[in-house]
There are 2 protein chains.
Amino acid sequence: MRLRLATWNINSVRLRLDLVERFVRAEKPDVLCLQEIKCQEDQFPRAALEALGFPHIAVCGQKGYHGVATLSRIPFKRADRRDLCGRGQARYLAVALDGAAPGRKPLSCHNVYVPAGGDIPDPAINDKFQHKLDFLDAMTAWFGGYRAKGKNRMILVGDLNVAPLPTDVWSHKQLLKVVSHTPPETSRLEQVRAAHDWIDVMRRHVSPEQKLFTWWSYRNRDWRASNRGRRLDHVWATPALDGAAVAMRVLDQTRDWPRTSDHVPVIADFEID
Amino acid sequence: MRLRLATWNINSVRLRLDLVERFVRAEKPDVLCLQEIKCQEDQFPRAALEALGFPHIAVCGQKGYHGVATLSRIPFKRADRRDLCGRGQARYLAVALDGAAPGRKPLSCHNVYVPAGGDIPDPAINDKFQHKLDFLDAMTAWFGGYRAKGKNRMILVGDLNVAPLPTDVWSHKQLLKVVSHTPPETSRLEQVRAAHDWIDVMRRHVSPEQKLFTWWSYRNRDWRASNRGRRLDHVWATPALDGAAVAMRVLDQTRDWPRTSDHVPVIADFEID
DNA sequence: GCAGTAGTAG
DNA sequence: CTACTACTGC
């Protein structure tokens, strides 16, 4: 079957429910992973999103900040909300997409929101940066520990808050000392990736020599003209899914929608057997 | 000449500039008195309101709260910002409308925002209520002291935050202990009125037996059905203008406008010679 | 710049 | 319910 998966840091799902609806009606993803929902589970607009065609919804939320949710047209089980580095924050939600290929090999979807890391890239004086590095290390440990890692069919999506490649930022040189593109972050993200042999699906579809962004700050008034973006949102897949990712698109037109998120959605189409 | 004067507690002029424009284009007042502009003078949208046909603008503002402004199509002079009871708040602005009848008898317009008074109608335990009573007494002293009071042509408008008559509230009985309609307030407002022989222009046009409201709380979701309003906004004139107020209207349709103020405008037409 | 929080004010 | 003040976070 064809599976369309989308990820979007929505920056408050309650405030942008109308934009989620607009996006879903236009693109019809089968699975939609949201980050920064900024609400508790009981405040999540579940009914409206069910009505939009997602009967299966899992929410991992907290008050005011962070929070992730996975919406699905197809059934899933074992929604796993996990506090990966023990700070009591809602940043990781995994579901087993058993409805994607009933009776066949399992497929799981891991929705992640990595800490942004604050302003100063020094863990000694900025605990938020320390937390970000710790969280990335915890991801390495958690996913590295998955059994039979080479055979598992897994998709990891979300706002990883790191732009790993020089072409993932508008200026590699200017951003080397800016949180999201510093060597301690990019090297740790590479450790996360390598520990599980993750494939960077977006870069399978867009050459690493080409600039590719998913986030533009609200502070740039003309985001498209200045184009000071970063690729903070990612779609990864395990080697068992290599070749299954048949298409990928970054929906940057949503960045012009009224009162939108500073992140744009990323869509990946998988051909699952 | 015919002079159309309007008063409106706008509850943030910056947030509702579009509504002011809509009102002005529809009703074309010559003088518009705003209360609760909620900004300092340098934040006031002067250019936009000049472009709307008010070349003469006086602002008496403070940061965040209160504040009054008088906009005029016709020239005025001597804008008098006055702290009537010495608490450093922006609540009173008078202008001399010499352009209304050039070379003739003077005409002045006094724009007032009386303190709301808090929740508990007891000056001993609620200083905001004390302030309201003090402010009303200060108005009595200030206007009572105007020279040749019987001959002066003066108009006083604004949000006086008192509903003096039983028909100025939706339930006289239920509101007798609610700030805005308690005896200490209504008796003090009557002292203000009597000390200068002010005429209650609105009640010259609508019988005191008829309910008449200018404010409906945001908390009533269906304001028109429940109609739990109060007459907090007023238009007064000195006896020298008796008979000059040829028409009066309460613009309650604006209460249905999107994101509107909880107060509606009051328009009074004067035939000035 | 634009979310959320809390408190104050109306 | 809807303004404002601030603060925090991204």
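Below, chain A is the first sequence line, B the second, and so on; all start at residue 1.
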> Tell me: CZ of Arg228(A) to P of dG1(C), nearest whole Å?
Replying inline: 15 Å

Close N/O contacts between protein and nucleotides 5-8 of chain C (under 3.5 Å):
| residue | atom | partner | partner atom | Å |
| --- | --- | --- | --- | --- |
| dA6(C) | OP1 | Lys63(A) | NZ | 3.0 |

> How would you list, by chain and number, every residue that makes a side chain to side chain contact (heavy atoms under 4.5 Å, CB included) with Tyr65(B), sequence neighbours excluded?
Replying inline: Gln62(B)

>> Restricting to ring-ring contact (aromatic ring centres under 6.0 Å, His included), what partner residues turn up for Phe135(B), sequence neighbours left out?
In response: none

> What about Trp170(B) and Phe213(B), are their ring centers closer than 6.0 Å?
Replying inline: no

> Taking only residues two or more places apart in sequence, or in another chain, which ones meet Arg14(B) in a salt bridge (Lys or Arg N to Asp or Glu O under 4.0 Å)?
Replying inline: none

> With Trp223(A), which residues qualify under ring-ring contact (aromatic ring centres under 6.0 Å, His included), at least two apart?
Replying inline: Trp216(A)

> What residues form a salt bridge (Lys or Arg N to Asp or Glu O under 4.0 Å) with Asp252(B), not counting sequence neighbours?
Replying inline: Arg224(B)

>> What residues from residues 158-184 of chain B pass a heavy-atom cutoff of under 4.0 Å to DNA chain C?
In response: none

>> Does His66(A) reach a base, just sugar-phosphate, or nothing at all? Heavy atoms under 4.0 Å.
In response: sugar-phosphate

> From the 5' end of DNA chain D to its 3' end, which nucleotides mark the outer limits of contact with chain B, defined by a 4.0 Å heavy-atom distance cut-off (strictly under)?
Replying inline: dC1(D) to dA6(D)

> Rounded to whole angstrom units, what separation is found between the CD atom of Glu36(B) and the C1' atom of dA9(C)?
Replying inline: 9 Å

> Is there any salt bridge (charged side-chain N to carboxylate O under 4.0 Å, His left out) pair reaching into residues 158-177 of chain A, and which pairs are they, with sequence neighbours excluded?
Replying inline: Asp168(A)-Arg203(A), Asp168(A)-Arg231(A)

> Please give, in whole Å, the distance from dC2(C) P to Leu15(A) CG?
Replying inline: 11 Å

> Taking atom P of dG1(C) as reference, at what distance in whole Å does atom CG of Asp222(A) sit?
Replying inline: 14 Å

>> Without decimals, in angstroms, what is the distance between Leu232(B) CG and dG10(C) P?
In response: 13 Å

>> Tell me every residue that passes ring-ring contact (aromatic ring centres under 6.0 Å, His included) with His66(A), counting only those two or more places apart in sequence or in another chain.
In response: Tyr113(A)

> After noting the C-alpha distance and the side-chain angles of Ser261(B) and Asn11(B), does the key distance pass the side-chain hydrogen bond (donor to acceptor under 3.5 Å, both in side chains) rule?
Replying inline: CA-CA 6 Å; Ser261(B) 172; Asn11(B) 189 10; 5.0 Å; no

> CD of Gln40(A) versus C1' of dA3(C): gap in Å, rounded?
Replying inline: 16 Å

> Just how far, in rounded Å, is C1' of dG10(C) from CG of Asn220(B)?
Replying inline: 14 Å

> In chain order, what residues pass the side chain to side chain contact (heavy atoms under 4.5 Å, CB included) check against Arg22(B), with sequence neighbours excluded?
Replying inline: Trp257(B), Pro258(B)

> Can you name the ring-ring contact (aromatic ring centres under 6.0 Å, His included) partners of Phe129(B), sequence neighbours left out?
Replying inline: none

> Rounded to whole angstroms, how far apart are CD on Gln62(B) and C1' on dG10(C)?
Replying inline: 14 Å

> Donor-acceptor pair under 3.5 Å: do we get one between Arg219(B)'s side chain and the base of dG10(C)?
Replying inline: yes

